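Along the sequence shown, residues are numbered consecutively beginning with 1. Please read all numbers here as calculations on a predicted model, not as lab measurements.
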Amino acid sequence: MEFLSIRSKFIAVIVLVYLVIGSVTLFAFYTGSNRIIDVFAQRFATKEALLEKNKIISIIDREVALARKMADDPVLKRWAAAENSPPVKQEALEQLESYRRHFRDRSCNITVNASHTYYSLSGDGAPGRPATTVLHADNMSDEWYFVAMRDIDDFALNLDYNRLIKKSKVWINAIVKGAGGEKLGICGSGIDITDFLNEIVYSKEQGLSTILIDRSGIIQAHEDRRIVEHNANERDNVKKVTIYNLMDERQKQEQLRTAIVTLAARKSEVVAFPARFGGKKYLAAVSFMPGVGWFNVVLVDVSRVISMREFFPIVVIMFVSLLLVIITIAILMNRMVLAPLTSLSAATRQVAGGRYDITLPVTRRDEIGDLTATFNTMTETVLDYTNNLEAKVRERTNELSAANRMVEESRNRIMESISYARMIQASILPEPDLMSRCLGEYAVLYRPKEIVGGDFYYLREFPGHSLLACIDCTGHGVPGAFMTMTVNSVMNHVIDMVCSDDPARILSELNRVMQQTLRLRDVDAGLDIALCMLDRRAARLLFAGAGLSLYIASAEGVREIKGDHQRVGYRGSRLDYGYHNHEVALSPGDTCYLTTDGLLDEPGGDMRYSFGSERFKMMLAGHRHLVMPAQTEAFERILSDYRGSHPQRDDVTLVGFRPVPC
């Protein structure tokens, strides 16, 4: 029985673990050191490949992004389409000068396809006075342009010598496209070879070298400047130096080609394998730079990174340390854990036999001491519960019942307050008589997500016209309801003090007053609004919107008149922004609709997609012939069917009206 104790098992396990670990470690040292070195070198090479890749991308990606922005510049597009227009050309040259100052090389260029004229700006020339030349398809040095116009759809990088500026650079060429997708020319910049090599290729760490290649293996950057300059000046790709020319083994060349295909397909981030270059063994790590289209090859000289001799002192120290640790653990474990556990085990057996008045002395302030104290507390609690269980159950039951009553009373008071808040919020909504008098036939679908909400509709009557608005305030529930009361008050103030017949001006003033009223710095609050001024006598409607649209359903279909993207009252809303009026001539039978985005964003269907503007327009077109109250019932049924069993996500408000001439 003594052999089955924890102490004897622990000693046996400690000895066995030491023997096994020692044997495995010794075997691994003599048989697996080379593998350890290879794995370490592979990880080191992989890390270096990713570091070099990030360094290259950080340099080139900015230039590529700026070149693509330049290609998408409307001013340059207008010039490329009308090259000989002096005003357009002057504006374009000023824009080019602005781009030039931001490129890393302080230079940029653009070639207009209509005349094949190459414009080059650099810091050496006068601002706005580019050097120019006309490119010819039969000129070998100009072939890059015609190949790029034929093969490139967005942008590409190219290592080339430019005869106009007499420099070899890594060129960034971005396609300039017209509104119809036609190619109008090429623009971009370049990075000087010297600058490029110094910052990217020349490694200050011994045993490392970096090579940049394209998909064909042609070397774009190498620590041997002669190779780079040869490839920059050579037009024939067949005569350019490739990385395969530098590799000693054909099998490794095929392995590199396979790695390029794998990396280009994004199936892996880094591919590493051993290879020989110039008779010397390296570990090659290859990574792909998708935004650039090149491949980064990092060569690691394994012999200079780590050697087998460096492991021997570590193994000796490990064996000695392991032996000392095991001996120390055995002594401490016996004194600190095994002996106290033996006492606890004996006491536990007595508790299991029905004796609950046992108390052990607590002599330590560690986990074993805590365990002993917990054991004492447990025995006291069990003894107390055994003697007083029924009384404690009754006491806890009474406490829970009282707590439940308090929760229910609090809930009832909250619901009463919110219900009263709903009555207050409903008081700002226009009366049905006012709606009929101002709008003619009308329909309202007003469904807050909760008892109160952040949506409401607004109507004011004036001599000869009326103002109708559909408003979506920040938030829903109680916070949204507070916002509706504030917005309603501000709307009345603006209309009474500024004007009642210019929706765009009303929105501008509403934006200013809301920002002054809210004065929120930690919470960004505001509203979206669709505002109409309706003159039924003249069958005329004037609309202005901020984030919301006006929909008009007629016999020809449903058309959407979009409001401005600038929203009202938010911290980012510009105070000097001028909203735009849209005047609409109404024909007999035209039906107008204003809605908040809660309806358009309502999720439903099997995929939980939003209801969306297209489905909304189809719904309006399919029910425009119905009388307005029937439309309300139909719209509510369609939304309910689309939503299914899912809960409503946001406040929903829809106001429709069919103006009847007075």
Side-chain angles (χ1 to χ4, degrees), residues 410-430 432 435 442-459 468-491 514 518 520 523-531 545-549 551 563 567-570 593-616 619-620 631-656:
S410 298
R411 178 183 176 278
N412 291 336
R413 287 195 297 269
I414 292 171
M415 292 305 297
E416 288 175 2
S417 299
I418 295 178
S419 297
Y420 190 70
R422 181 177 185 178
M423 295 172 57
I424 296 174
Q425 186 180 33
S427 67
I428 70 173
L429 300 179
M435 297 285 285
Y442 75 94
V444 175
L445 180 61
Y446 180 63
R447 298 292 181 269
K449 177 180 180 292
E450 301 172 7
I451 298 176
V452 292
D455 284 7
F456 75 105
Y457 54 99
Y458 177 92
L459 181 63
L468 173 66
C470 187
I471 303 172
D472 183 359
C473 300
T474 300
H476 49 73
V478 174
F482 274 109
M483 279 294 297
T484 62
M485 303 301 291
T486 301
V487 172
N488 181 73
S489 176
V490 173
M491 278 282 291
M514 281 298 299
L518 293 176
L520 295 176
V523 178
D524 198 7
L527 61 130
D528 295 342
I529 180 172
L531 179 62
L548 301 181
S549 301
Y551 299 86
R567 303 165 77 189
V568 172
Y570 288 91
Y593 300 91
L594 305 175
T595 183
T596 60
D597 59 5
L599 191 152
L600 303 179
D601 295 341
E602 191 69 13
D606 296 335
M607 303 299 293
R608 299 288 292 150
Y609 291 145
S610 297
F611 193 76
S613 60
E614 292 303 319
R615 188 178 283 107
F616 177 68
M619 180 180 74
L620 298 183
Q631 289 190 29
T632 303
E633 297 176 1
F635 295 164
E636 187 164 14
R637 183 178 63 256
I638 291 172
L639 277 177
S640 178
D641 293 343
Y642 184 76
R643 187 187 306 116
S645 60
H646 301 289
Q648 182 176 328
R649 187 166 69 181
D650 198 0
D651 300 327
V652 173
T653 302
L654 170 67
V655 179

Backbone N/O of T653 and side chain of T595: donor-acceptor pair under 3.5 Å: yes
So do L468 and V655 actually touch side chain to side chain, heavy atoms under 4.5 Å? yes
Aromatic ring proximity, centroids under 6.0 angstrom, F616 and Y551: yes
Within the 4.5 Å heavy-atom criterion, are L639 and L445 side-chain neighbours or not? yes
Do V487 and F456 come close enough that some side-chain heavy atom pair is under 4.5 Å? yes
Chi angles and distances behind the side-chain contact (heavy atoms from CB on, under 4.5 Å) call for V444, Y442: CA-CA 7 Å; V444 175; Y442 75 94; 3.9 Å; yes
Answer yes or no: is there a donor N or O on one side and an acceptor on the other, between the side chain of E450 and the main chain of V452, under 3.5 Å? no
Is there a side-chain contact between Y593 and Q631 (heavy atoms, below 4.5 Å)? yes
side-chain contact (heavy atoms from CB on, under 4.5 Å) between L599 and F635, worked out: CA-CA 10 Å; L599 191 152; F635 295 164; over 6 Å; no
S427 side-chain N/O to I424 backbone N/O, donor-acceptor pair under 3.5 Å: yes
Flag if over 12 foreign heavy atoms under 6.0 Å of OH, Y642: yes
Locate the shortest heavy-atom distance separating D601 from R649; write the atom from each residue and the value. O-NH2, 2.5 Å
Using modelled atom types and a 3.5 Å cut-off, is there a donor and acceptor pairing between side-chain atoms of E636 and backbone atoms of R447? no
For the atom pair CE (M491) and CG (L527), what is the distance rounded to the nearest 0.5 Å? 8.5 Å
Out of D528, T474, D472, which one pairs with R567 under the side chain to side chain donor-acceptor pair (under 3.5 Å) rule? D528
To the nearest 0.5 angstrom, please state how far the CD atom of E602 sits from the CD1 atom of I638. 13.5 Å
For M435 and P430, work out which heavy atoms get closest and say how close. SD-CG, 3.6 Å
For the pair S640 (side chain) and R637 (backbone), establish whether a donor and an acceptor sit closer than 3.5 Å, ignoring hydrogens and angles. no
Side chain of Y446, backbone of D455: donor and acceptor closer than 3.5 Å? yes
Minimum-distance pair of heavy atoms, taken over all atoms of L531 and A469: CD1-CB, 3.7 Å
Check C473 against M483 and note the closest heavy-atom contact, atom names and distance. CB-CB, 3.7 Å
Give me the atom names and distance for the closest heavy-atom approach of R608 to R643. NH1-O, 4.5 Å
Interatomic distance, Y458 atom OH to L429 atom CG [nearest 0.5 angstrom]: 12.5 Å
Give me the atom names and distance for the closest heavy-atom approach of T596 to C470. CG2-SG, 3.7 Å
